[in-house]
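Okay, handing you the structure first.
Letters A, B, ... mirror the listed sequences (proteins, then strands); counts begin at 1.
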2 protein chains.
Amino acid sequence: MPAYEITIGEASRRSGVKVPTIRFYERIGLLPAPARSEGNRRQFDDNDLNRLKFIRHARELGFDMADIRELLAMTEEPQSSCHDADSIAGRHLREIEQRIERLTALRGELQRMVEGCGHGQVCECRVIQILADHDNCRSDVH
Amino acid sequence: MPAYEITIGEASRRSGVKVPTIRFYERIGLLPAPARSEGNRRQFDDNDLNRLKFIRHARELGFDMADIRELLAMTEEPQSSCHDADSIAGRHLREIEQRIERLTALRGELQRMVEGCGHGQVCECRVIQILADHDNCRSDVH
DNA sequence: CCTTGCTCCTATAGCCGCTATAGGAATTAG
DNA sequence: CTAATTCCTATAGCGGCTATAGGAGCAAGG
């Protein structure tokens with residue numbers, strides 16, 4: 001069967017990647033420029049669709065563009081070692097773990113703030129006080 | 001005692017906010033434009049320093065600029081109700097909790113990926129497989 | 001007094017990963 | 001045949017900085 005013509009709108013619906021984002025991915029070279037119809041519309045195929053879904057999934061998992069480029073390149077050489085994929089994922093896992101730790105510490109601080117707030121005046125508000133109390137925390141948070 | 005002249009560099013060291021970032025905060029109106037010396041250097045005072053520390057702490061806690069503007073405005077009206085500060089912090093706390101949840105789910109998926117990887121070829125790599133397996137997750141992640 | 005090297009100044013561009021807008025052209029539905 | 005929808009390109013903007021270029025001021029050593 002001949003590949004059924006997939007417009008950008010349909011590719012968007014079927015991949016979960018928004019139309020302008022698909023064009024953006026093409027511009028930055030994450031997605032190969034697809035064929036065009038007579039009227040200059042993009043015509044995607046199943047390969048493109050798979051690539052888009054792959055990208056979306058990786059983005060949902062928080063991989064950045066550089067990582068995704070590497071992972072995509074690997075899928076194109078299925079015989080090569082998966083050591084790199086493993087180490088990208090492992091590094092990312094450690095980053096996520098650190099973010100969870102930081103956010104958990106942060107949640108503690110916010111909980112203390114909100115619980116300590118007596119709902120009175122700003123001058124005795126724990127939320128404001130903690131923010132103004134500058135020497136009790138050093139961490140960077142993202 | 002007269003306020004000791006604080007240069008931008010010293011303000012940076014003492015607040016933990018980088019020099020270009022201080023200038024940036026001034027430009028976007030988060031920090032009032034300070035007095036200038038004869039040679040056109042910024043001269044900060046203890047008030048500015050406190051404001052910078054407040055901003056840094058709030059940024060570390062992940063508050064965005066709009067929230068920080070509101071919180072700063074509140075500190076200037078200490079008689080007013082702290083209901084708003086409380087609700088900003090509460091809303092932020094809920095956001096953080098959601099981020100923790102998402103990241104925890106994500107960590108699980110990444111752990112499964114990394115553990116499942118047999119360190120062999122890409123064609124049988126679990127990391128790549130999970131990414132290419134498009135229909136097993138719907139969440140948005142930030 | 002003069003040079004060296006540091007800090008400071010402004011203005012502008014770039015980062016990431018999109019998202020929005022303007023101003024059209026082509027296709028599709030009724 | 002028209003009206004609505006989809007598509008096209010190009011460009012600017014978002015948040016929250018960070019980097020760069022091209023100077024000017026200032027403090028310390030020779």
- In residues 17-37 of chain A, which residues come under 4.0 Å of DNA chain D by heavy atom? R23(A), R36(A)

- Item | For E76(B), all residues meeting salt bridge (Lys or Arg N to Asp or Glu O under 4.0 Å), sequence neighbours excluded | R51(B)

- Whole Å only: how far is the CD atom of E10(B) from the P atom of dT7(C)? 12 Å

- Message: Between dT27(C) and R41(A), counting only base atoms on the nucleotide and side-chain atoms on the residue, is there a donor-acceptor pair under 3.5 Å?
- Response: no

- Task: Find the distance I8(A):CD1 to dT19(C):P and express it as a whole number of Å.
- Result: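 Spelled out: CD1 on I8(A) to P on dT19(C) is 14 Å.
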
- Query: Is the distance from OP1 or OP2 of dC8(C) to the nearest side-chain N or O of T7(B) less than 4.0 Å?
  - Reply: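 Checking T7(B) against dC8(C): at least one side-chain N or O falls below 4.0 Å of OP1 or OP2.
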
- Would you mind reading off the distance between I6(B) atom CD1 and dC8(C) atom P, rounded to a whole angstrom?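 The distance from CD1 of I6(B) to P of dC8(C) comes to 12 Å, rounded to the nearest Å.
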
- Return the set of residues passing side-chain hydrogen bond (donor to acceptor under 3.5 Å, both in side chains) with E115(A) (not counting sequence neighbours), or none when no residue passes. none

- Under the salt bridge (Lys or Arg N to Asp or Glu O under 4.0 Å) rule, collect the residues that match up with R91(A), sequence neighbours excluded.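 R91(A): salt bridge (Lys or Arg N to Asp or Glu O under 4.0 Å) contacts with D67(A).
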
- Message: Going 5' to 3' along DNA chain D, which are the first and last nucleotides with any atom under 4.0 Å from a heavy atom of chain B?
- Response: dG16(D) to dC26(D)

- Sequence neighbours excluded, which residues qualify as side chain to side chain contact (heavy atoms under 4.5 Å, CB included) partners of R41(B)? S37(B)

- Message: If the condition is side-chain hydrogen bond (donor to acceptor under 3.5 Å, both in side chains), which residues does Q43(A) pass it with, not counting sequence neighbours?
- Response: E5(A)

Which donor-acceptor pairs under 3.5 Å do the side chains of residues 17-28 of chain A make with protein atoms, sequence neighbours left out?
{"from": "E26(A)", "atom 1": "OE1", "to": "R42(A)", "atom 2": "NE", "distance (Å)": "2.6"}

- Task: Run the salt-bridge test on R56(A) and E60(A) with the 4.0 Å N-O cut-off and return the result as yes or no.
- Result: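 Between E60(A) and R56(A) there is a salt bridge, with a charged N closer than 4.0 Å to a carboxylate O.
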
- Distance, rounded to the nearest Å, where D67(A) contributes CG and dC16(C) contributes C1': 13 Å

- Query: Residues two or more places apart in sequence or in another chain: which of them pass side chain to side chain contact (heavy atoms under 4.5 Å, CB included) with S87(B)?
  - Reply: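 With neighbours one apart ignored, the set is empty.
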
- I68(A) atom CD1 is separated from dC16(C) atom C1', nearest whole Å, by 12 Å

